[in-house]
Amino acid sequence: MQKTTTTTPAAAAGTGAAASPAAAETADSVASMAATPSSSSSLTAASASQHSSNNSSERGSDSIIDSSGPAQKEDEQETTISTKHEPKSEQSMAIHYLASFHEICVVTALLPLVTLFTCFVTAYVFQYDDVHETHCRVYNIVPSISAITGVSPQRYFWRFSIALHIGPRIPIAFVYKNYYRAQLARLAPSLVPKTSWLITLILVLNCIEIAALGGVTYISNRENYPVHERIFITFMICSLCYMLATIKLNGILNARQTLTEQQRLSIKWKKILFVVSILSTIGLLVFFAKHRFYCHDLAFSWFAFFEYLIAIANMLFHFTIIWDFPSQFMVIVQGPRENLLQYLGAKPKLN
């Protein structure tokens, strides 16, 4: 390589700068420069020193400089592109929120239960006459849920509690849907369509129940009794259908499966609370008719008693989520989607 670099200017001076040899030597120099960057720089300097004595050498040096320019630019562009892509592949993830899903479910389920008990005690002690007033004006000892949550200030306390309760219940409904769908893979192919339809039905019933709970809470019987009554009936029907469909779905998904102690407790209490809800609904309808059409003494108290049983059974039915999701977490993560999927693992296959 060094020999080619030193003979180029001398040969150009001795031959009187012939055009064809200069071009051949120029091509040799370009090939030499492309092979070794160090020789190209020395060749460029030698050509520049002979600029005054030989025009062909000048043209050769110009061509060498021009040919080296694009190669260097391409190298710079490749380096720039690689540097731009490096941070994306190395971008880390950031966890903005991490909370125990178990604790969120416990607080969500217990909030209306604690609030209902507080409203009952305070209304019974401080507003006894207001909460026992009925259209029959007969003797009663147990006020209804609508009565204790319809007076002030219990009205605002109950509404605030239900607002906090409804918020987490909506994402919990969709978490249950994905939780059930992730278990479809272990079923026979013939059962998948029917089970998938049942999962969708459970989601719809759960959402209607949540909406009806909000309607019953914010439209009191004293403000608009006909609308309040219809929304309460909707809540009752959707709640019972949701319980029955959930028990049926668990029976399909867990058939011939070895269950853990927590899963057995969850299914057991779901069945018990559903039976309590059915019996309480029958009692509620019987004593509602006695109170509404015959104005029997204590009929409204028995109606209120069964109403409390239905509400508590419904709350405890949703409280069984602590056995369905004992160790899960709710996470809000920032980062590239590829990194998240790689870190968290593949999504559950939804069949």
Side-chain angles (χ1 to χ4, degrees), residues 112-113 115-159 161-162 165 204-206 208-245 247 271-318:
L113 185 62
T115 305
L116 184 65
F117 177 76
T118 305
C119 290
F120 178 84
V121 173
T122 54
Y124 200 89
V125 173
F126 299 107
Q127 295 160 297
Y128 184 87
D129 294 333
D130 294 336
V131 297
H132 284 90
E133 182 181 355
T134 63
H135 75 282
C136 288
R137 300 186 182 279
V138 294
Y139 178 70
N140 290 297
I141 57 174
V142 181
S144 66
I145 295 178
S146 300
I148 63 173
T149 59
V151 295
S152 180
Q154 289 84 353
R155 177 193 303 119
Y156 307 110
F157 186 36
W158 175 250
R159 289 178 178 179
S161 171
I162 292 300
H165 170 77
V204 172
L205 289 173
N206 198 358
I208 295 176
E209 178 189 341
I210 295 170
L213 176 61
V216 168
T217 301
Y218 290 97
I219 303 177
S220 66
N221 59 341
R222 298 191 179 191
E223 296 171 350
N224 195 330
Y225 180 80
V227 175
H228 177 87
E229 184 180 39
R230 288 176 176 82
I231 296 177
F232 179 75
I233 293 172
T234 303
F235 172 81
M236 290 287 303
I237 294 174
C238 290
S239 174
L240 293 175
C241 292
Y242 169 77
M243 292 181 180
L244 180 60
I247 294 172
K271 293 178 179 179
I272 292 174
L273 294 169
F274 174 69
V275 172
V276 171
S277 296
I278 289 291
L279 296 178
S280 300
T281 301
I282 296 173
L284 180 140
L285 294 175
V286 170
F287 286 101
F288 177 78
K290 288 185 176 183
H291 165 72
R292 187 71 176 268
F293 302 110
Y294 302 105
C295 288
H296 288 179
D297 288 345
L298 296 178
F300 189 77
S301 296
W302 281 106
F303 165 82
F305 171 74
F306 287 114
E307 187 183 28
Y308 284 110
L309 281 183
I310 292 172
I312 294 172
N314 178 270
M315 296 175 193
L316 293 180
F317 188 93
H318 291 289

Asker: Got a second to check how far M243's CE is from I247's CD1, nearest 0.5 Å?
Answerer: 8.0 Å
Asker: Please check if the side chain of R155 supplies one atom and the backbone of T149 the other of a donor-acceptor pair under 3.5 Å.
Answerer: no
Asker: For the residue pair F157 and T122, establish whether any side-chain heavy-atom pair is separated by less than 4.5 Å.
Answerer: no
Asker: Tell me, please, which residues at least two apart from L113 pass side chain to side chain contact (heavy atoms under 4.5 Å, CB included).
Answerer: L110, I312, M315
Asker: How far does NE2 of H291 sit from CG of D297, to the nearest 0.5 angstrom?
Answerer: 11.5 Å
Asker: If you compare all heavy atoms of Q154 against all heavy atoms of A123, which two are closest, and at what distance to 0.1 Å?
Answerer: NE2-N, 3.4 Å
Asker: Quick check for you: to the nearest 0.5 Å, what is the distance between L205 atom CG and L244 atom CG?
Answerer: 10.0 Å
Asker: When P143 is tested against each of F120, F300, Y128 for side-chain contact (heavy atoms from CB on, under 4.5 Å), which residue passes?
Answerer: F120
Asker: Considering all heavy atoms of both residues, which atom of H318 and which atom of N206 are nearest to each other, and what is their separation?
Answerer: CE1-OD1, 4.1 Å
Asker: What distance do Y139 atom OH and S301 atom OG have between them, rounded to the nearest 0.5 Å?
Answerer: 7.5 Å
Asker: For the residue pair F232 and H228, categorise the inter-ring angle as parallel (less than 30°), tilted (30 to 60°) or perpendicular (more than 60°).
Answerer: parallel
Asker: In Å and rounded to the nearest 0.5 Å, what is the OG1 to CD1 distance from T281 to I310?
Answerer: 3.5 Å
Asker: Could you report the tightest heavy-atom contact between F287 and F303, atom names first, then the distance?
Answerer: CB-N, 3.9 Å
Asker: So which atom in S280 and which in F306 form the shortest heavy-atom distance, rounded to 0.1 Å?
Answerer: O-CB, 3.6 Å
Asker: Is there a donor-acceptor contact under 3.5 Å from the side chain of S277 to the main chain of L273?
Answerer: yes
Asker: For the atom pair CD1 (I148) and CG (L116), what is the distance rounded to the nearest 0.5 Å?
Answerer: 5.0 Å
Asker: Could you name each residue pair satisfying salt bridge (Lys or Arg N to Asp or Glu O under 4.0 Å) that touches residues 274-290, not counting sequence neighbours?
Answerer: none
Asker: Who passes side chain to side chain contact (heavy atoms under 4.5 Å, CB included) against T217, sequence neighbours left out?
Answerer: W158, R159, I162, L213
Asker: Report yes if some heavy atom in the side chain of E209 is under 4.5 Å from a heavy atom in the side chain of N314; otherwise report no.
Answerer: yes
Asker: Please check: side-chain N/O of Y124 versus main-chain N/O of V131, any donor-acceptor pairing under 3.5 Å?
Answerer: no
